[in-house]
There are 2 protein chains.
Amino acid sequence: MKKTFSQSEENYLKVIFKLSFNKTSLVSTNSIASALKTAAASVTEMVSKLSQKGMLDYERYKGVKLTKEGSIVAKMLVRNHRLWESFLVDKLHYSWDEVHEIAEQLEHVKSQTLIDRLEEFLGFPKFDPHGDPIPDKNGKITMKEDVPLIQLLTGDVGVITGVKEHTKAFLKYLDQFGLVLGTNIQVLDKYEYDNSVKIRINDQAEQVVSEKVGQQIRIQKI
Amino acid sequence: MKKTFSQSEENYLKVIFKLSFNKTSLVSTNSIASALKTAAASVTEMVSKLSQKGMLDYERYKGVKLTKEGSIVAKMLVRNHRLWESFLVDKLHYSWDEVHEIAEQLEHVKSQTLIDRLEEFLGFPKFDPHGDPIPDKNGKITMKEDVPLIQLLTGDVGVITGVKEHTKAFLKYLDQFGLVLGTNIQVLDKYEYDNSVKIRINDQAEQVVSEKVGQQIRIQKI
DNA sequence: TATTATTTTTAGGCTTACCTAAAAATAGAA
DNA sequence: TTCTATTTTTAGGTAAGCCTAAAAATAATA
């Protein structure tokens, strides 16, 4: 008998999944609260509930960790989200800064078959419009070998393959400079003073990029 | 400032819209309750709330009627539902008996632009997979001139253009006999005893159809 | 018209998912 | 180590949307 989850429960699982990505330590109540913009007390409540449901390992005052089962549920939500984002951009011609809120709703639609059919319809994409990997139906994730722009050295050349931040403001900012997925980047200079980087974009315009921005852009070196 | 509605509120509006279709009289509390499978007391509560929001005209012990505004909201929900059903059948290759529950969820997704973009992507369909008309973005509905199969006379010829009942059981039953949208029907005989009808399907198989089924199938005469 | 049956509403409760404020536990600094 | 600051939990409350049972209003029937 298959367990079901409310949208709220699903949002908690997804956030915990993201907060514990590439981390062995436990996720704190407060970090969940700030990610979900809820009170810490509400998190304590939900976290006990989800651990009773077998989705989390929870130790009072310590923090939480997804169980195997919880991790699978969370990963499927990430899959849903990223496939819907791909649909919105590829088929409905939304731009990458418009799709998050809509996908946030679509990801909760319950159906045994819907998301697999959507994936097939989209041609089994491996990455979403922000360059994030889409877990396949077994939860397998295709890894990329990209690094933050900020880590490149003078002279390095590469292609933009992803962005870490998904806010509308940030993505629109990137659009202005043509810094979209697939764009060619060459590092012309690095300034130690503020960790900014001068780059050449698609062999044309030069642009100085701040440390903050450079940390959010991921590059595949070539 | 745009009014927003919970999924629950939306479901009430949609059901009231359907129950009051082609009817001038008020919709009763009990009929809403049975359509939504909720207790009558819950309906009273929600109906007062929706009338306070200006969506319904409600008179205690009498019944309800959608206001102009409520009617628009309801029609947009019907539009959402039917466009999503079209998407599921046309693009994801679901059959007409599988789409209702999924569309029931998708119809509640909130976005200013999503449904119009979906409509465009689908090529502005006028009817959904069950032959029901899809309201356009202004709420305009294309009317059809079809009649229940049961009303045809011996010798009449026509095409199936719609079905009134959307249950999985009924639609699967129709599939078995090839009684799908676009199928050619010729009335061979009518039996007064039980109001059943003998038909020829696509100039091939003969089939006797019960009164119950004949009332649910809509035919455009040719 | 009086009585009975049906429909609808009110009253009081429950669950989920939030909240604030206070108490308890843990972590950090002197 | 002890005291203070921070984090987390507990306690007690709220709103939405549902419920059942009882009361009130309306409709049907003798």
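Taking the centre of each ring, B:Phe87 and A:Phe87 come in below the 6.0 Å mark. Aromatic ring centroids of B:His100 and B:His81 lie under 6.0 Å apart.
Ion pairing between B:Lys110 and B:Glu10 holds under the 4.0 Å rule for side-chain N and carboxylate O. A salt bridge links B:Glu107 with B:Lys14; the closest basic N to acidic carboxylate O contact falls under 4.0 Å.
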Could you go through nucleotides 10-16 of chain C and list every protein N or O atom that sits under 3.5 Å from one of its N or O atoms, giving the distance for each pair?
unit_1 : atom_1 : unit_2  : atom_2 : d
C:dT10 : OP1    : B:Arg60 : NE     : 3.4
C:dT10 : OP1    : B:Arg60 : NH2    : 3.2

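Base contact: A:Ser42 has a heavy atom under 4.0 Å from a base atom.
As a whole-Å value, the separation of A:Glu59 CD from D:dT7 C1' is 16 Å.
The closest side-chain heavy-atom distance from B:Val64 to B:Ile32 is below 4.5 Å.
No donor-acceptor contact under 3.5 angstrom links the side chains of B:Asp128 and B:Trp96, judged on distance only. Side chains of A:Ser196 and A:Asp194: a donor on one and an acceptor on the other come within 3.5 Å.
Side chain of A:Ser42 to main chain of A:Thr38: no donor-acceptor pair is present (N/O by atom type, distance under 3.5 Å, no hydrogens or angles).
Heavy-atom distances to DNA chain D give each of B:Ala39 and B:Lys62 a nearest nucleotide, and the one nearer the 5′ end belongs to B:Ala39.
Against DNA chain D, the stretch residues 12-36 of chain B makes heavy-atom approaches under 4.0 Å through B:Tyr12.
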